[in-house]
2 protein chains.
Amino acid sequence: MKTPKISEAVIRRLPVYLRYLQYLREMNITTVSSHELGQNLDMNPAQIRKDLAYFGEFGRKGIGYDVQYLIEKIKQILKLDRRLNVALVGAGNLGTALSNYRRFTNEKLKIVGIFDKFSEKIGKKIGPLQVQSLDKLSEMVKELDIKIGIITVPASEAQSVADLMIRSGIKGILNFAPVILKVPPEIPVRNADVTTELESLAYYIE
Amino acid sequence: MKTPKISEAVIRRLPVYLRYLQYLREMNITTVSSHELGQNLDMNPAQIRKDLAYFGEFGRKGIGYDVQYLIEKIKQILKLDRRLNVALVGAGNLGTALSNYRRFTNEKLKIVGIFDKFSEKIGKKIGPLQVQSLDKLSEMVKELDIKIGIITVPASEAQSVADLMIRSGIKGILNFAPVILKVPPEIPVRNADVTTELESLAYYIE
DNA sequence: TAGATTGTTAATCGATTAACAATC
DNA sequence: TAGATTGTTAATCGATTAACAATC
C-alpha cells in the first residue's frame with residue numbers, strides 16, 4: 001500500500017502468482033519458496049521476491065511463503081478482496097462466452113450487466129442476466145456502482161462505446177475490439193485482441 | 001529477414017501497426033509519418049521508426065511511409081503473406097466465439113479444425129466446420145499441415161492438450177486457459193487469459 | 001530551396017538478475 | 001547449529017527516447 005511507483009509489469013504478474021498459489025492450496029500445499037514458484041511459472045525467483053517485496057514482507061527467511069497468507073495478501077493488493085462490478089457491452093459470441101465464464105461467478109469481480117445496441121439482442125438471457133439496451137448503461141453504472149467495462153463490440157463501434165462508458169463513470173476498460181482506444185490518461189485500458197496475439201505468434205513459426 | 005535478434009516486444013507491436021495501416025488504407029490514406037502513427041497509436045514515433053528499421057528501410061526521408069507498401073512489408077515480416085493453418089481445441093462458448101471470429105475468415109491465418117474431447121460436442125457444426133474428436137487431432141495436423149493450436153479447454157485439461165498438440169507437430173500455441181503451460185523452449189506460447197487481465201485492471205480502480 | 005521526416009547512433013531510463021547479509 | 005530462503009542492494013541487461021545527419 002505504501003507504494004513508491006509500481007510498474008505495470010509487476011502488477012500483471014501478480015494475478016499469475018495468485019492463480020498458481022490457489023492451485024497449490026487446492027493441492028493442500030501450505031508453504032512455497034520463490035525458487036519453487038519460479039520453476040513452475042518459468043520465472044526468475046529473485047523477480048518474484050522483488051515483486052512481492054514492493055508491497056510488504058510476506059515471507060519467512062529460511063522457510064518461504066505461507067500459501068494461504070500470500071493468497072490473501074495478493075488479493076488485497078489487487079483489490080480483489082472487495083466487490084467489483086463489471087458491465088459488458090456487446091452480446092455477440094464473444095460477449096456471451098465471457099458472460100458465462102465460470103471463474104467470474106465465484107469471485108468478487110462480477111459481470112452484473114450485459115448491454116447491446118441491437119434490439120434483436122435485447123432481452124436475451126445469458127446466464128442469470130438479461131441483455132439490456134445500451135441506453136440503460138449510464139443509469140445502471142450509477143445504480144450498481146459499476147467500475148469496469150468490457151468491450152466486445154466490433155472495431156467500428158468500440159470507440160463510441162468506450163466514450164459512453166467513461167461518460168457513465170466507468171473507471172477501467174478491458175477491450176477486445178481490434179482498435180487502440182482514445183481515453184483520458186487516468187482510465188486504464190487492457191487490450192485483449194485475439195488477432196494481434198495470433199499474428200505475433202505467426203512470426204515465430206518455422 | 002537479416003535480423004540480429006528482435007525482441008518480442010517489437011514483434012508484438014507489428015500487428016498493431018498493421019491494423020492501423022489497414023484502417024488508413026480503408027480511409028484511402030496513402031502516406032503516413034511515424035509522428036502521425038505515434039499520435040494515433042499512443043506510441044513514441046522514434047520507437048515506431050526503430051521497430052521498422054530492424055527489418056529494412058521502408059520509409060522515405062522527408063515523406064513518410066507508403067501505407068500500402070508498409071502493409072505488405074509487415075505482412076511479410078509476420079509471415080502473414082502465406083497460409084497458416086490453425087486448430088482449435090475446446091468447442092465451448094469461447095471456442096465457438098473464436099471459431100466464428102470474422103477477421104480470420106479473410107486472412108491467411110485460418111482455423112481449419114475444431115476438436116473436443118466430449119462426444120456430445122462432436123459433430124456439432126460451427127460455421128463451416130464440424131467439431132471432431134480430439135483423437136483425430138494428430139492425423140489432421142499432419143494432413144492439413146496445421147502449425148498453430150488454440151487452447152480453449154478448462155485449466156485442468158490445458159496441459160495435456162498442449163502436450164498432444166506438440167506431439168502432433170504443432171509449432172505454436174495460443175492459450176486461453178488460466179495456467180502456465182510447460183512446453184519445450186522452441187515452442188512459442190501466447191497466454192490470453194481473461195481473468196488475469198481483469199484482475200490486473202482491478203488494481204488501478206479507485 | 002526550405003521544410004519535413006527518415007534511419008540510426010548515443011543517452012537515458014527502467015526492468016531483470018545476481019549476490020549476499022540477515023535470520024528462520 | 002547447519003541449511004535454506006528471504007528481503008534488498010548493487011550490477012547487468014535491455015528497451016525506450018532524444019537527437020541529428022542524411023535526404024526526399
Side-chain angles (χ1 to χ4, degrees), chain A residues 1-14 16-17 20-21 24 29-74 77 180 185 200 203, chain B residues 1-14 16-17 20-21 24 29-74 77 180 185 200 203:
Chain A
M1 300 305 136
K2 41 177 73 285
T3 55
K5 171 75 117 342
I6 313 292
S7 83
E8 196 184 306
V10 173
I11 300 302
R12 298 184 72 119
R13 284 192 292 266
L14 295 180
V16 178
Y17 303 151
Y20 190 71
L21 289 163
L24 290 176
I29 291 163
T30 56
T31 303
V32 69
S33 69
S34 62
H35 180 77
E36 288 173 88
L37 281 172
Q39 288 237 309
N40 286 290
L41 298 176
D42 202 19
M43 286 174 183
N44 183 300
Q47 182 172 65
I48 297 174
R49 293 200 299 279
K50 198 159 200 287
D51 284 353
L52 296 172
Y54 284 117
F55 303 98
E57 305 197 358
F58 303 140
R60 291 213 294 153
K61 294 189 172 80
I63 308 289
Y65 298 91
D66 182 86
V67 171
Q68 177 59 35
Y69 180 72
L70 193 51
I71 287 173
E72 274 160 31
K73 282 300 172 185
I74 293 179
I77 295 162
I180 299 296
S200 73
Y203 174 81
Chain B
M1 299 301 137
K2 39 180 72 282
T3 53
K5 171 75 122 335
I6 314 292
S7 84
E8 195 184 307
V10 173
I11 299 302
R12 299 185 72 121
R13 284 192 291 266
L14 294 180
V16 178
Y17 304 152
Y20 189 71
L21 289 164
L24 290 177
I29 292 163
T30 56
T31 303
V32 69
S33 69
S34 61
H35 179 76
E36 287 173 88
L37 281 172
Q39 287 235 313
N40 286 290
L41 298 176
D42 202 20
M43 285 173 184
N44 184 300
Q47 180 172 66
I48 297 173
R49 293 200 300 279
K50 197 157 202 284
D51 283 355
L52 297 172
Y54 283 118
F55 303 98
E57 306 198 357
F58 304 140
R60 290 213 293 154
K61 295 189 171 79
I63 308 287
Y65 298 92
D66 181 86
V67 171
Q68 176 60 33
Y69 180 71
L70 193 52
I71 287 173
E72 274 161 30
K73 282 299 173 186
I74 294 180
I77 295 162
I180 299 296
S200 73
Y203 174 81

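Every chain is numbered from 1 and lettered A, B, ... according to where its sequence line falls, protein lines coming before strand lines.
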(request) Calculate the interatomic distance between B:H35 atom NE2 and C:dG3 atom P; express it in whole Å. (result) 17 Å
(message) Whole angstroms only, please: what is the CG-P distance between B:L52 and C:dG7?
(response) 8 Å
(message) Distance check, rounded to the nearest 0.5 Å: B:L21 atom CG versus B:I71 atom CD1?
(response) 5.5 Å
(message) To the closest 0.5 Å, what do you measure between OH (A:Y65) and CG (A:L52)?
(response) 5.0 Å
(message) Can you give me the dot-bracket string for DNA chain C, 5' to 3', counting Watson-Crick and G-U wobble pairs with both distances under 3.5 Å, using [ ] for crossing pairs and | for partners on another strand?
(response) ..||||||||||||||||||||||
(message) If I take atom CZ in residue B:F55 and atom C1' in nucleotide C:dT6, what distance separates them, rounded to the nearest angstrom?
(response) 17 Å
(request) Calculate the interatomic distance between A:I6 atom CD1 and C:dT16 atom P; express it in whole Å. (result) 12 Å
(request) Take the protein atom CG of A:D51 and the nucleotide atom P of C:dA15, then report the distance between them rounded to whole Å. (result) 11 Å
(message) Could you measure the distance from the CG atom of B:L37 to the CD1 atom of B:I48? Nearest 0.5 Å is fine.
(response) 5.0 Å
(request) Starting at CZ of B:F55, measure out to CD1 of B:I11 and round the result to the nearest 0.5 Å. (result) 4.0 Å
(message) Rounded to whole Å, please give me the gap between CG in B:L41 and P in D:dT16.
(response) 15 Å
(message) If I take atom CD1 from residue A:I180 and atom CG from residue B:L41, how far apart are they, to the nearest 0.5 angstrom?
(response) 6.0 Å
(message) Does a side-chain N or O of A:R13 approach OP1 or OP2 of C:dA15 to a distance below 4.0 Å, or not?
(response) no
(request) Return no unless some side-chain N or O of A:S34 is found under 4.0 Å from OP1 or OP2 of D:dT6. (result) yes
(request) Compare side-chain N and O positions of A:Y65 against OP1 and OP2 of D:dA4 and report whether any pair is under 4.0 Å apart. (result) no
(message) When you measure from the side chain of B:E72 to the backbone of B:Y69, do you find a donor-acceptor pair of N or O atoms at a distance under 3.5 Å?
(response) no
(request) Mind running side chain to side chain donor-acceptor pair (under 3.5 Å) on A:S34 and A:R49 for me, showing each step along the way? (result) CA-CA 6 Å; A:S34 62; A:R49 293 200 299 279; 3.0 Å; yes
(request) Send over the distance from B:E8 CD to D:dT16 P, rounded to a whole Å. (result) 12 Å
(message) For A:Y203 versus B:I77, what's the shortest heavy-atom pair and its separation?
(response) CD1-O, 3.3 Å
(request) To the nearest Å, give me how far apart CZ (B:F58) and C1' (C:dT5) are. (result) 17 Å
Detail all sub-3.5 Å separations between protein N/O atoms and N/O atoms belonging to nucleotides 22-24 of chain D.
| residue | atom | partner | partner atom | Å |
| --- | --- | --- | --- | --- |
| D:dC24 | O4' | B:K61 | O | 3.0 |
| D:dC24 | O3' | B:R60 | NH1 | 2.9 |

(message) Minimum heavy-atom separation for B:T31 and B:E36, please, with both atom names.
(response) O-OE2, 4.5 Å
(message) For B:R60, give me all partners under side chain to side chain donor-acceptor pair (under 3.5 Å), at least two apart in sequence or on another chain.
(response) none
Could you go over nucleotides 18-20 of chain D and give all protein N or O partners under 3.5 Å, atom names and distances?
| residue | atom | partner | partner atom | Å |
| --- | --- | --- | --- | --- |
| D:dA18 | OP2 | B:N44 | ND2 | 3.4 |
| D:dA19 | N6 | B:R49 | NH2 | 3.1 |

(request) Remember a base hit wins even if backbone is also touched, and classify B:Q47 as base, sugar-phosphate or nothing at under 4.0 Å, heavy atoms. (result) base
(message) Suppose the criterion is side chain to side chain donor-acceptor pair (under 3.5 Å): which pairs have a residue in residues 37-47 of chain A, not counting sequence neighbours?
(response) A:Y20-A:N40
(request) Sequence neighbours left out, what passes side chain to side chain donor-acceptor pair (under 3.5 Å) with A:D51? Give chain and number order. (result) A:R13, A:Y17
